[in-house]
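Note sheet for the following structure.
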Amino acid sequence: MKEKLLNWLNLFLVADVFFVLLSFVWFAIAVVGRSTGVNLGLDLWHQLWQPVFNPAIGILMAGALLSGLTSWISKRLNKAH
């Protein structure tokens, strides 16, 4: 059960990493577009920052810490036996 939960957590974190990376790519392209006068969605990106991208980054950081902590605890418990 614990392994299944950790596998789902890791799968979710991998998907979140790709979502955050794609969000950054969109931001970078939109900034370049803004500087050249082409609208590539920078205003929409700014509107989505607080409700979508900011929590995705927070979930990624919390999930990485949780994953590392559970791995560390698991190693400590297996070492004790």
Side-chain angles (χ1 to χ4, degrees):
M1 175 76 176
K2 182 182 84 165
E3 287 297 319
K4 194 171 189 178
L5 180 66
L6 288 178
N7 284 338
W8 278 105
L9 175 63
N10 288 333
L11 181 65
F12 177 74
L13 289 176
V14 168
D16 196 32
V17 164
F18 282 109
F19 178 72
V20 169
L21 287 175
L22 287 174
S23 302
F24 174 72
V25 169
W26 177 18
F27 175 71
I29 290 171
V31 167
V32 170
R34 172 69 61 95
S35 69
T36 61
V38 178
N39 184 9
L40 295 176
L42 185 61
D43 294 329
L44 176 61
W45 193 94
H46 279 293
Q47 290 175 352
L48 293 175
W49 168 253
Q50 196 69 1
V52 178
F53 303 133
N54 203 359
I57 293 169
I59 289 170
L60 180 64
M61 292 167 53
L65 289 173
L66 180 64
S67 179
L69 183 64
T70 57
S71 175
W72 180 75
I73 290 172
S74 177
K75 286 179 185 177
R76 283 286 198 147
L77 291 176
N78 288 338
K79 191 181 199 183
H81 287 111

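Computed from a predicted structure; not experimentally measured.
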| message | With a 4.5 Å cut-off on side-chain heavy atoms, are Ile29 and Trp45 touching? | response | no
| field | Pairwise distance CD1(Ile73) to CG(Asn78) - rounded to 0.5 angstrom | value | 12.0 Å
| Working for side-chain contact (heavy atoms from CB on, under 4.5 Å), residues Leu48 and Trp26 | CA-CA 12 Å; Leu48 293 175; Trp26 177 18; 4.0 Å; yes
| task | Check whether Leu77 and Leu69 end up in the same hydrophobic cluster, where Ile, Leu, Val, Met, Phe, Trp and Tyr are linked by side-chain heavy atoms less than 4.5 Å apart. | result | yes
Side chains of residues 30-42: which donor-acceptor pairs under 3.5 Å do they make with residues two or more places apart or in other chains?
{"unit_1": "Arg34", "atom_1": "NH2", "unit_2": "Asp43", "atom_2": "OD1", "d": "2.7"}
{"unit_1": "Arg34", "atom_1": "NH2", "unit_2": "Asp43", "atom_2": "OD2", "d": "3.4"}
{"unit_1": "Ser35", "atom_1": "OG", "unit_2": "Val32", "atom_2": "O", "d": "2.7"}
{"unit_1": "Thr36", "atom_1": "OG1", "unit_2": "Val32", "atom_2": "O", "d": "3.3"}
{"unit_1": "Thr36", "atom_1": "OG1", "unit_2": "Gly33", "atom_2": "O", "d": "3.0"}
{"unit_1": "Asn39", "atom_1": "OD1", "unit_2": "Gly41", "atom_2": "N", "d": "3.2"}

Residues 6-24 side chain polar contacts: donor-acceptor under 3.5 Å, at least two apart:
{"unit_1": "Asn7", "atom_1": "ND2", "unit_2": "Glu3", "atom_2": "O", "d": "3.3"}
{"unit_1": "Asn10", "atom_1": "OD1", "unit_2": "Ser67", "atom_2": "OG", "d": "3.4"}
{"unit_1": "Asn10", "atom_1": "ND2", "unit_2": "Leu6", "atom_2": "O", "d": "3.2"}
{"unit_1": "Asp16", "atom_1": "OD2", "unit_2": "Leu60", "atom_2": "N", "d": "3.1"}
{"unit_1": "Ser23", "atom_1": "OG", "unit_2": "Phe19", "atom_2": "O", "d": "2.7"}

| task | Tell me, please, which residues at least two apart from Ser71 pass side chain to side chain contact (heavy atoms under 4.5 Å, CB included). | result |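 Once residues adjacent in sequence are excluded, the partners of Ser71 under the side chain to side chain contact (heavy atoms under 4.5 Å, CB included) criterion are Lys75.
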